[in-house]
Amino acid sequence: MIEARGLTKRFGEKTAVDDVTFTVRPGHVTGFLGPNGAGKSTTMRMILGLDRPTAGTVTVAGVRYSGLGTPLREVGALLDAKAMHGGRTAHNHLLLLARSNGIPARRVDEVLDLVGLRSVARKHARGFSMGMGQRLGIAAALLGDPAVLMFDEPVNGLDPEGILWIRTLMRSLAAEGRTVFVSSHLMSEMAQTAEHLVVIGRGRILADTSVREFIAANATSHVRVRSPQLGELGPLLARRDWRVEVDPDGSLRVYGADPAAVGDVAADHGVRLHELSPVQPSLEEAFMRLTGDTVEYHAGGRPVPPAPEAGPVSTAREGGAPPAAPPPPEASSPDLPPTAPDGTWRGGDA
Amino acid sequence: MTAGPEDAGRPPGEGASTHRDVAAEDGAGRKRAEHRPASFADAVAAEWIKIRTVRSTFWTLLAGLVVTIGLSCLLAWVFVSAYDRLGARDRLRFDPTAYGLAGINFGMVAFGVLGVLVVTGEYATGMIRTSLTAVPRRGRLFAAKALVLGGVVLVVGEIVSFAAYFLSQLIFADRHLDAGLGEDGVLRAVIGGGLYLTLIALLALAIGTLLRHTAGAVTTVLGLLFVLPIIGSFLPGDLGRTVRKVLPAGAGGAIMNTRPSEESLSPWAGLGVFTLYTVVLLVAALLAFQRRDA
C-alpha cells in the first residue's frame, strides 16, 4: 500500500509534482501513466525518500520510507536500470544490498536464478546489456521479497522476450497479493499489464480508476462496417441517431450504435456487409483525449473550480495550499468522469 | 551471455515465494515474516563489501603504497648520497624520521583519491540511489561509509607508514643516521603518519560528498593539500609563517616531526588542527547529504 497525500515537488520555479493524492493498493498492478516529464519519476523518488517533498506526505505500509526498519524487505524498487557501480559483479551488487538489510546471502542466488542472470553472476555489471541491467535491477527489487514493488519504465530497452517476461512477472507478483506500481509513458504497455491506473499529466493526477472505466469514460466505442454498398448504407445509417464517419480505408465508423442494430438496418435494405465489428477504444485514445484536455487547460490559464464533487480524499489536502484547479468546464467533454467508485476524478478536488 | 529464453517463459515469482513460510498475516492478507530491523552494523557490512569489490580501491591503495614507500626510500638514498657535501647546520637539523616518512606527503594524494571515489563513484554510476533505498537513513549510510573508509585507510596507512620508516632507516643506517623506534617521538611520528593519511581520506570523502563529482573533488583535495602551501609560501614574514603552520598540509604533516621546528606547529597541535578541518568538512558534508535530493 502506497499512500500519497498532497504530495508536491517544486524545483525552483518549476512544479514537477503538484498536490498529488493517490493510493496504490495491493493485489493488482497499478499503472502510473503519463507523458514524459509528467512527474512520474519524481513522484516515485519521493516515495523512496530520494527526493524531499516540498509539501505533502507519502507513506509505504503506513510509514515514511526512511522510517522502515528493513526497507528492502518492505519495498523493492527499480528506478533506473544500471543504478549500480559497473565495476562490481552482479553477485556482489546484490550481496551488499542483502547485507545492508540483514537478508540472508543465499537469497542472492535465488533472485539471480529468478531473473535468469545466474550464469553472469560473476561478471561486471558494466558489460551488461540494457536488458540484463534491467533484470539485475529487478533482482535487487525482489531481494527482500517485499510486499510493495515499484518499477519506473521497466520495459524501456527490453527486447520483446524481456517485455513479455516483465509483464508476466508483474502480474504474478500482484496475484501473490503484492502492491505493484509501474510507471510508463506507453499506453499500450499499461493496457497489457495494469488493472488500475493513476494518470498524471503536468504533475497533476488526472484520473485514478480502473483501466476499463478509464477507457469507457474517456473514449467511446464504435462499430466498424465494411460493405461494397457503402454509398447506400451510409445515408441509411446516418438517418438514425448515429454518428457516421468514413475511415480512410473506406470503412465506416458508426458511433452510438450496437452491431446488431447496424446489421438489421443493412438487412432491411438488402445491403451486403463484409465486416461488422464492435471496436473498443484504445487506452491510447482515451489517454490522448484526457491529456489533450490538460494541455488546453494549462494554456488557458486558471480556470474556475466547479462545485466540489469528490470523495473523502478531498479532506486530505494540506491546509493553506491553493485549491487544485480542476479541468475547466469548456475543456471537459460531457462524458468525462467522475468515474471510479471511490470518487477519484482527482483533478477537481477542492 | 544474456539470459536464455528458458528463463523468459518460466512463471516468474515462484522463486520469490520460496521463503515466505514463516509468517504472520498483514492487513492485505499477505503472509509477512517478522524481521529484526537493519542496524548500523549491517550498513557497515554493506559498505565493507562495496569498498572491497571495486578495483579502484585496490589500485589507489597500491599507488599510495608504492609512491609513499618508493619516494621515502628514494629521498633517503639521495640524502645519504649527498650527506658528505652537507653543511653542519643541515646535518644538525636533519630529522631522520620525518625524512624517512617524506613520501607520505606525496602518497597522500592516492589516499585522498580513494576517499573521493568512495562517494563520487556512487554518484557517477547512480549507485547512490540504490544505496539510499537500501539504507534510507542518510546519517547512517554516511557514517558507515566514513567508518569503513577510515578503517581501511588506517590499516593500510599504518602499514605504509611503518614500511616507509623501516626501509628508509635501513638506508640511513649506512651512515649511522637512523633513528630507532624507541627514540623520542619516533613511534608517535610513524603512527601519526598513518593517522594523517586516514584523516586525508576522510577529508576527501567529505569533499567528494559535497561536490558529488570526481574530477572536481580530486582537484579540490589537491588544491587544499598542494596549492594552498604554495600560496602560503608567498605570504611575507610572521603572517606567512603563521598561515603556513595552520594550512592543512603543514598542520597535518607536523605529526611526523621529531625535532621541534619554527616552521610548524607541535605534532599533536598540528594533527589537531587538521582533525578540526576534517571534522568541519565531514559535518558540512553530512548536512548537505541529508538535505539534498539524491
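Chain A is the first sequence line, chain B the second, and so forth, proteins listed ahead of strands; every chain is numbered from 1. The shown structure was predicted, so the numbers you read here are calculated from the model rather than taken from an experiment.
Comparing A:Ser66, A:Gly87, A:Gly27, A:Gly137 by heavy-atom pairs within less than 4.5 Å of chain B, the highest count is held by A:Ser66. Chain B forms the most heavy-atom pairs under 4.5 Å with one residue out of A:Thr89, A:Asp51, A:Leu72, and that residue is A:Asp51. For chain B, the option among A:Met1, A:Arg99, A:His93 with the highest count of heavy-atom pairs below 4.5 Å is A:Arg99. Your options are A:Val75, A:Asp80, A:Leu79, and the one with the most heavy-atom pairs under 4.5 Å with chain B is A:Asp80. When the candidates A:Val111, A:Ile166, A:Thr70 are compared by the number of heavy-atom contacts under 4.5 Å with chain B, A:Thr70 comes out ahead. Note: B:Arg138 leads B:Glu122, B:Glu47, B:Arg138 in heavy-atom pairs under 4.5 Å with chain A. Among A:Met46, A:Arg126, A:Lys9, the residue with the largest count of heavy-atom pairs under 4.5 Å with chain B is A:Lys9.
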Evaluation steps, side chain to side chain contact (heavy atoms under 4.5 Å, CB included), between A:Leu96 and B:Met127: CA-CA 12 Å; A:Leu96 75 90; B:Met127 178 67 195; 3.9 Å; yes
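Residues of residues 275-294 of chain B having a heavy atom under 4.5 Å from any heavy atom of chain A, listed by number: B:Gln290, B:Arg291, B:Arg292, B:Asp293, B:Ala294.
For the atom pair B:Leu117 CG and A:His85 NE2, the distance stands at 7.5 Å (nearest 0.5 Å). Between atom CG of residue A:Leu78 and atom OG1 of residue B:Thr133 there is a gap of 10.5 Å, rounded to the nearest 0.5 Å. A distance of 8.0 Å separates NE2 of B:His35 from CD of A:Glu74, quoted to the nearest 0.5 Å.
Residue B:Arg137 comes nearest to A:Gly67 through the heavy atom pair NH2-O, 3.7 Å, listed as atom of the first residue, atom of the second, then distance. Considering all non-hydrogen atoms of both residues, B:Arg129 and A:Leu50 come closest at O-CD2, 3.8 Å. Nearest heavy atom pair, residue B:Thr125 against residue A:Met84, reads CB-O, 3.3 Å. The two atoms that bring B:Ala134 and A:Leu97 nearest to each other are CB-CD2, 3.8 Å, heavy atoms only.
Counting heavy atoms of neighbouring residues, nucleotides and ligands inside a 6.0 Å radius, atom NE2 of A:His124 exceeds 12 of them. More than 12 heavy-atom neighbours from other residues, nucleotides or ligands sit within 6.0 angstrom of CZ on B:Arg52.
Interface remark: A:Leu68 contributes backbone atoms only to the contact with chain B (heavy atom separation under 4.5 Å). If you measure heavy-atom distances from A:Arg118 to chain B, you find no contacts under 4.5 Å at all.
Looking at B:Thr130, its side chain does come within 3.5 Å of a backbone N or O of A:Ala83 through a donor-acceptor pair. In this structure, A:Asn92 contributes its side chain and B:Ile49 its backbone to no donor-acceptor pair below 3.5 Å.
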